2 protein chains.
Amino acid sequence: MRSITVLLVDDHFVVRSGLKALLGTQPDIQVVAEAASGEEALAMVEEHSPAVVVMDLAMGAGMDGIEAIRRIRERNGRQAVLVFTTYDSDADIVRAVDAGAMGYLLKDAAPEEIFAAIRGAVQGKSVMSAPVASRLFQQLRNPDEVLTPREAELLSLLTEGLSNRELGQRLFISEATVKTHLAHIYAKLGVETRAAAIATAIRREGMR
Amino acid sequence: MRSITVLLVDDHFVVRSGLKALLGTQPDIQVVAEAASGEEALAMVEEHSPAVVVMDLAMGAGMDGIEAIRRIRERNGRQAVLVFTTYDSDADIVRAVDAGAMGYLLKDAAPEEIFAAIRGAVQGKSVMSAPVASRLFQQLRNPDEVLTPREAELLSLLTEGLSNRELGQRLFISEATVKTHLAHIYAKLGVETRAAAIATAIRREGMR
DNA sequence: AGCCGTATCAGCCAAAAGGCTGAGAGACCA
DNA sequence: TGGTCTCTCAGCCTTTTGGCTGATACGGCT
């Protein structure tokens, strides 16, 4: 049986080498490349065509993880992308799944969980850490409170302190549309002001 | 020459194993124990008396890293504690140094930097990543950017999403005074809007 | 006594944000 | 085909926020 080829994407050296060492203990899993940024990840996918891409969402500079997932999925659908990150933010989960992620693992996951996720991913199975799953489950029960991908994207930028104008420019939409999205976000988060939305988002959603 | 004994403290399995593999390449450094929480860290220090403790500040549950550092330093002063974390939050840096940390490294540090910090620590040398050092330096050079107690209090409430009116009511001052304080806070943080101030406060100052 | 930092307050004006209603386009699904 | 969801945009009006200038009061330091 051919071993599963894996690309690791994480901007922290120690995380990459830790993961590599960990995955190295499994005979059927082989790390064929590493990348420290979204751009590098794309190049490595191009060069090695790994079966699975294990990716951190928080990348220091340049392209973020979500965008990298989207680009990888757009190229051709043969790579399964697994998110491997520290925080279980609602917005990140929604956006990652929307971008085409096959699974969502937290960094404190047990090794067996990680192995299982990688093996499952090549067979088209979605695997996610328990806290992530429970968040999604929660969302399924209260669909009225679930942010749409676009709203999540906006909220994420909101937490960086951007104004409506800046949000519009960043997302290539009018300020009017920004205000519409914001009104929906406020309603879903149960707040009245942008300040409260930011506070809620960062505290409750784990963004930073 | 005896090798330097090290205790790794991090709640993420992969980070611990990555660091362990990395440090394993150095003949003079030996990882003698690992811990996934502050409580475990104290027990491991007790049991192994490592020369250096390499510790993440963000611990999932229970005692946080800062408190763990304090306890370790209180026991007896023979362990040098190195902070090894993801974020260079001003508040965290100050608190860690105050608690007795010997050095402050970021997780994207180069391996050589990490080795050097560990070797330096046993000789009583402080080592910190460049971004961390520059933040401390910045603070020393620009005391003008330090918030007054009242401003800090306001900023803290600000990150809870309160409006100017609410801030005034909470602090028993007029809205005009709130606006004055806010203007000073914005100037010191280098932002123009309350949203950016909240984002900056939570991210950079470590409030949450 | 005079200076400085801190905290308090006021008024005025411009800009930003928020509430409301309405509406068109595209996707998806029953 | 019709209903629903999402994303997009507009206009109008009120509230909030931010920029500016200036002022009083208290405490500590020189």
Side-chain angles (χ1 to χ4, degrees), chain A residues 66 70 73-74 90-91 93-100 136 139-201, chain B residues 139 141-201:
Chain A
I66 301 282
R70 201 179 314 276
R73 298 289 307 167
E74 270 171 6
D90 283 351
I93 296 172
V94 170
R95 290 172 61 211
V97 170
D98 186 61
L136 278 184
Q139 294 195 340
L140 284 180
R141 291 200 323 182
N142 293 359
D144 287 355
E145 294 175 12
V146 181
L147 299 181
T148 67
R150 193 58 157 172
E151 284 163 0
E153 195 178 359
L154 230 127
L155 181 57
S156 171
L157 289 175
L158 194 65
T159 63
E160 289 178 15
L162 277 64
S163 68
N164 290 348
R165 183 169 307 169
E166 290 168 325
L167 289 172
Q169 288 168 349
R170 191 77 80 86
L171 298 176
F172 304 107
I173 56 180
S174 80
E175 216 175 312
T177 305
V178 170
K179 290 172 88 171
T180 304
H181 283 310
L182 285 182
H184 294 159
I185 291 172
Y186 296 164
K188 289 180 179 178
L189 293 184
V191 299
E192 276 109 46
T193 67
R194 99 172 19 217
I198 294 172
T200 301
Chain B
Q139 290 198 340
R141 286 199 327 181
N142 293 343
D144 287 355
E145 294 177 11
V146 180
L147 299 180
T148 69
R150 192 58 160 173
E151 285 163 0
E153 196 179 356
L154 231 130
L155 181 57
S156 170
L157 289 176
L158 195 64
T159 63
E160 291 177 13
L162 277 64
S163 69
N164 289 350
R165 182 168 307 170
E166 291 168 325
L167 289 172
Q169 288 168 348
R170 191 77 80 86
L171 298 175
F172 305 106
I173 57 179
S174 79
E175 216 176 312
T177 306
V178 170
K179 290 173 82 171
T180 304
H181 284 310
L182 285 181
H184 294 158
I185 291 172
Y186 296 166
K188 288 180 179 178
L189 293 185
V191 300
E192 277 111 45
T193 67
R194 100 171 19 216
I198 294 172
T200 302

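Since this is a predicted model, take the numbers as computed values, not measurements. Keep in mind that the numbers below use all heavy atoms, side chains included, and drop hydrogens, waters and symmetry copies. Chain letters run A, B, ... following the sequence lines, proteins first, then strands; residues in each count from 1.
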Checking side-chain contact (heavy atoms from CB on, under 4.5 Å) for the pair A/L167/A/N164: CA distance, chi angles, key distance, verdict? CA-CA 5 Å; A/L167 289 172; A/N164 290 348; 4.2 Å; yes
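Between the CZ atom of A/R194 and the C1' atom of D/dT15 there is a distance of 14 Å, given to the nearest Å. Whole-Å rounding puts the B/L182 CG to C/dT8 P distance at 12 Å. Between A/E153 atom CD and D/dC7 atom C1' there is a gap of 12 Å when expressed in whole angstrom units. Atom P of nucleotide D/dT17 and atom CG of B/L167 are separated by 8 Å, given to the nearest angstrom. One atom, CD of B/Q169, and another, P of C/dC9, lie 13 Å apart when rounded to the nearest Å. Taking atom CG of B/L171 as the reference point, atom P of C/dT6 lies 17 Å away to the nearest angstrom. Rounded to whole Å, the distance from CZ on B/R150 to P on D/dA25 is 19 Å. To the nearest angstrom, C1' of C/dA17 lies 11 Å from CG of A/L158.
Nearest heavy-atom pair across A/R194 and A/Y186 is CB-OH, 2.9 Å. Heavy-atom minimum distance, B/A201 versus B/T159: CB-CG2, 3.7 Å. Residues A/I66 and A/A99 come closest through the heavy atom pair O-CB, 3.9 Å.
In this structure, the separation between OG1 on B/T180 and CZ on B/R150 is 12.5 Å, given to the nearest 0.5 Å.
For A/E192, taking side-chain heavy atoms from C-beta onward, the closest of the listed nucleotides C/dT8, C/dG19, D/dT17 is C/dG19. Counting only heavy atoms from C-beta on, B/H181 has its side chain closest to C/dA7 among C/dA7, C/dC12, C/dC9. The A/T180 side chain lies nearest to D/dT8 when the options are D/dG19, D/dT8, C/dG18. Distances from the side chain of A/K179 to the nucleotides C/dC9, C/dG19, D/dG19 place C/dG19 closest. Taking only side-chain atoms of B/S174, from C-beta outward, the nucleotide of D/dC7, C/dA10, D/dC9 with the closest atom is C/dA10.
Using a 4.0 Å heavy-atom criterion, one finds that B/E175 contacts no nucleic acid atom at all. Residue B/T177 is classed as a base contact, given a heavy-atom separation below 4.0 Å to a base. Contact annotation for A/T193: backbone-only contact, meaning every heavy-atom pair under 4.0 Å involves sugar-phosphate atoms and none involves a base. Backbone-only contact: B/S163 has heavy atoms under 4.0 Å from sugar-phosphate atoms and none from a base.
Proximity of B/N164 to the phosphate of D/dT17: a side-chain N or O atom is located under 4.0 Å from OP1 or OP2.
Along DNA chain C, the nucleotide nearest A/A183 and the nucleotide nearest B/A176 are compared for position; the residue whose nucleotide lies closer to the 5' end is B/A176.
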